[in-house]
Amino acid sequence: MKLLVILIIVVSSCFGFFLKYLNYRNRNKAIPENVKDIFEPETYQKRYEYEMENTRFGVINGLCGLVIMSLYLIFNIHAYLFDYGCQIFTSIYFQTFFMFGVLMIIDLVIDTSFEAYDTFKIEAKYGFNKSTPATFIGDTIKELLINIIIKAGLLALFIWLFDKLGNGVFPVFVGVVIFFILLVQFIGVFIMKLFNKFTPMEEGSLKDKIIDLTEKTNYPVKRVFVVDGSKRSSKLGAFFSGFGKNKTIALTDTLIEKLSENEIISVLAHEIAHAKKNHLWKSMPLNFIVIILGFIFSYFVFNQFEVSQAFGFSQLNVGFALMICGILFYPISIFLTIPANILSRKHEYEADSFGAKYGGKEHKISALKKVAKENYANLTPHPFVVKITYSHPTISQRIEAIERMRSK
């Protein structure tokens with residue numbers, strides 16, 4: 001069993017490396033004609049170097065994670081820490097938290113080191129990073145606290161429900177997870193405010209155009225905010241949040257700086273389309289199916305004592321068994337999410353069409369090109385990688401669809 005679990009981890013990691021290799025192999029493919037004007041030769045060379053450096057860094061980071069996780073499992077580190085925790089704590093909750101907590105601290109130190117290098121070396125080298133060390137440290141602490149609250153809370157709830165319901169915990173916990181995902185849609189903007197400053201947009205031409213757009217599309221918005229995205233990155237972004245009468249538009253200051261007002265309107269029209277056409281809710285059933293299948297899979301694997309025993313536990317360990325179920329299901333989930341990605345790409349085409357209709361086709365195309373340029377988008381991703389992992393069509397495919405719409 002131990003060999004099987006480690007083999008699955010290795011194969012899953014190798015598949016990820018294979019996808020990176022496919023994109024790397026595709027790096028010299030001819031750029032599609034409709035996006036050739038995005039980068040000047042010198043800028044494209046810089047983008048190419050950025051992608052190659054990120055690819056190398058990603059492989060090293062992935063290999064490091066693979067080795068560390070394999071060592072944890074080979075040497076039964078989880079069982080050792082749990083037994084040690086039993087000498088300190090009498091509560092199964094604190095024993096489990098101790099086991100995962102120690103490893104989380106080790107992983108945090110390693111991951112933060114990699115992230116710091118990526119932020120202050122690679123991203124800074126190519127002009128993307130705007131974070132200061134103080135901002136980076138503050139973000140890391142906030143993310144850690146949020147992760148601890150969410151993961152420890154869900155794990156404690158699972159252990160408690162398992163003690164009360166046995167295997168009946170799985171259908172109940174499906175509901176818990178789905179409820180939590182829906183809750184995040186409502187509180188997501190509040191979490192974002194822990195990291196970014198939201199400033200009401202000043203009165204002026206852009207705000208007037210935004211209000212006019214919301215009226216034309218019958219999508220009333222209560223607030224329009226500017227987010228200080230430049231505090232961390234030069235990359236561009238925009239999003240909507242809220243429901244009913246509490247809808248909010250948020251634009252990064254970098255987007256406002258780099259795009260014209262008409263291009264911004266085309267971007268916002270795209271986002272409005274997602275909301276008006278209920279793309280989020282249409283995609284959720286596929287995501288829920290993956291979650292349900294994951295818990296069905298866990299139902300049959302979870303109680304196999306041989307799994308915990310193979311890694312040094314003297315009895316079934318609820319937290320560890322749940323983690324192993326996640327590891328074993330991960331390769332299956334990769335292929336189960338393909339239909340969701342297909343649907344997501346379809347939704348992006350629909351939103352682009354809506355954005356072109358209300359924001360102007362030329363403005364929508366030029367906005368796509370500017371965002372691609374500023375974010376160093378990959379213009380020649382491998383088709384297989386796109387089909388497996390991309391939630392958005394390529395820039396070339398999106399522009400081609402808008403051009404076809406224009407010709408009609």
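These numbers come from the heavy atoms of this one structure, side chains and all, not from hydrogens, waters or symmetry mates.
- Side chains of P381 and Y390 form a contact here, defined as non-hydrogen atoms less than 4.5 Å apart.
- Contact annotation: the side chain of I148 approaches that of L144 to within less than 4.5 Å [non-hydrogen atoms, C-beta and beyond].
- The main-chain N or O of F89 is found under 3.5 Å from a side-chain atom of Q95 such that the two form a donor-acceptor pair.
- Checked against the 6.0 Å centroid criterion, the rings of F82 and F320 do not qualify as a close aromatic pair.
- With K142 contributing its side chain and L194 its backbone, the two residues share a donor-acceptor pair below 3.5 Å.
- Between F128 and Y376, the distance separating the two ring centers is shorter than 6.0 angstrom.
- No side-chain donor-acceptor contact under 3.5 Å links K369 to the backbone of I399.
- Atom NZ of K151 has 12 or fewer heavy atoms from other residues, nucleotides or ligands within 6.0 Å.
- Checking N54 against Y126 by side-chain atom types alone, no donor-acceptor pair falls below 3.5 Å.
- With I265 as the fixed residue, the side chain to side chain contact (heavy atoms under 4.5 Å, CB included) test singles out one of L213, D212, L259: L213.
- Atom CG of residue N76 and atom CD of residue Q309 lie 11.0 Å apart, to the nearest 0.5 angstrom.
- Figure legend: K193 and F198 shown as a cation-pi pair, the cationic atom lying under 6.0 angstrom from the six-membered ring centre and within 45 degrees of its axis.
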Under the criterion side chain to side chain contact (heavy atoms under 4.5 Å, CB included), I'd like the reasoning laid out for K197 against K231: C-alpha separation, chi angles, the key distance, then a yes or no. CA-CA 9 Å; K197 182 179 179 181; K231 184 179 178 181; over 6 Å; no
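- For K357, the NZ atom is loosely surrounded, since the number of other residues' heavy atoms within 6.0 Å does not exceed 12.
- Under the 30°/60° scheme for interplanar angles, the aromatic rings of F15 and F18 are found to be tilted.
- Of all heavy-atom pairs spanning V290 and S333, the tightest one is CG1-CB, 4.4 Å.
- Side chains of L81 and Y72 form no contact here, defined as non-hydrogen atoms less than 4.5 Å apart.
- A donor-acceptor pair shorter than 3.5 Å can be found between the side chains of N378 and E51.
- R27 and Y48 form a side-chain donor-acceptor contact under 3.5 Å, judged by distance and modelled atom types alone.
- Side-chain N or O atoms of N317 include none that pairs as donor or acceptor with a backbone N or O of S308 at under 3.5 Å.
- Put simply, CG on N196 and OG1 on T252 are 9.5 Å apart, with the number rounded to the nearest 0.5 Å.
- Nearest heavy-atom pair across F302 and V318 is CE1-O, 3.5 Å.
- Side-chain contact check for D228 versus T199: every heavy-atom pair is 4.5 Å or farther apart.
- Between S131 and T135, the shortest heavy-atom distance links the atoms OG-CG2, 4.4 Å.
- Counting heavy atoms from C-beta outward, I141 and I137 have side chains that approach closer than 4.5 Å.
- The neighbour count for Y24 OH, taken as heavy atoms of other residues, nucleotides or ligands under 6.0 Å away, does not exceed 12.
- Using a distance-only test at 3.5 Å, with no hydrogens or angles considered, a donor-acceptor pair links the side chain of S283 to the main chain of L280.
- Tested against M69 for a side chain to side chain contact (heavy atoms under 4.5 Å, CB included), the candidates I74, I77, I327 yield a single pass: I327.
- When all heavy atoms of E403 and I365 are compared, the closest pair comes out as OE2-CD1, 3.6 Å.
- Taking the six-membered ring for Trp and the full ring otherwise, the centers of F158 and F170 sit less than 6.0 Å from each other.
- Distance CD1/I9 to CG/L4: 10.0 Å, rounded to 0.5 Å.
- Using cut-offs of 30° and 60° for the angle between ring planes, the H382 and F384 rings count as perpendicular.
- Atom CD of Q315 is surrounded by 12 or fewer heavy atoms from other residues, nucleotides or ligands within 6.0 Å.
- For the pair E271 (side chain) and V267 (backbone), a donor-acceptor distance under 3.5 Å is absent.
- In this structure, S353 contributes its side chain and E350 its backbone to no donor-acceptor pair below 3.5 Å.
- Take H279 and apply the ring-ring contact (aromatic ring centres under 6.0 Å, His included) test, not counting sequence neighbours, and it matches H274, H347.
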Decide yes or no on side chain to side chain contact (heavy atoms under 4.5 Å, CB included) for W160 and Y93, but give the supporting numbers first. CA-CA 9 Å; W160 182 78; Y93 301 102; 3.3 Å; yes
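- Here the CD1 atom belonging to I289 is positioned 9.5 Å from the CG atom belonging to L336, to the nearest 0.5 angstrom.
- For the pair F94/I88, no side-chain contact is recorded, criterion being any heavy-atom separation below 4.5 Å from C-beta on.
- The minimum heavy-atom distance linking A275 with Y219 is given by the pair CB-OH, 3.2 Å.
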Determine whether Y84 and V102 satisfy the following criterion, side chain to side chain contact (heavy atoms under 4.5 Å, CB included), listing intermediate values before the conclusion. CA-CA 11 Å; Y84 192 83; V102 171; over 6 Å; no
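- Side chain of T140 to main chain of F136: a donor-acceptor pair is present (N/O by atom type, distance under 3.5 Å, no hydrogens or angles).
- With no hydrogens or angles considered, no side-chain donor-acceptor pair links K276 and N218 at under 3.5 Å.
- Counting non-hydrogen atoms of neighbouring residues, nucleotides and ligands closer than 6.0 angstrom, the OH atom of Y21 reaches no more than 12 such neighbours.
- The line from CG of L343 to CD1 of I338 is 14.0 Å long, rounded to the nearest 0.5 Å.
- Annotation: Y299, atom OH; neighbour count of heavy atoms from other residues, nucleotides and ligands within 6.0 Å does not exceed 12.
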Just do the side chain to side chain contact (heavy atoms under 4.5 Å, CB included) check on F329 and V301 with the steps written out, would you? CA-CA 10 Å; F329 184 70; V301 175; over 6 Å; no
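- Here CG of D107 is found 10.0 Å from OG1 of T112. Values are rounded to the nearest 0.5 Å.
- Contact check for F57 versus Y117: side-chain heavy atoms found under the 4.5 Å cut-off.
- Salt-bridge annotation for E263 and K370: present, with a side-chain N of the basic residue lying under 4.0 Å from a carboxylate O of the acidic one.
- Under a 3.5 Å cut-off, the side chain of T394 and the backbone N or O of Q397 do form a donor-acceptor pair.
- Checked against a 6.0 Å centroid threshold, the rings of F313 and F305 do not count as neighbours.
- Side-chain N or O atoms of N129 include none that pairs as donor or acceptor with a backbone N or O of F120 at under 3.5 Å.
- Of all the heavy atoms in F311 and A79, the pair that sits closest is O-CB, 3.3 Å.
- Side-chain contact between K258 and K373 is absent, with no heavy atoms from C-beta onward closer than 4.5 Å.
- In the model, D253 has a side-chain atom that pairs as donor or acceptor with a side-chain atom of S230 under 3.5 Å.
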Can you check side chain to side chain donor-acceptor pair (under 3.5 Å) on T380 and N26, steps first, answer last? CA-CA 7 Å; T380 58; N26 227 45; 5.0 Å; no
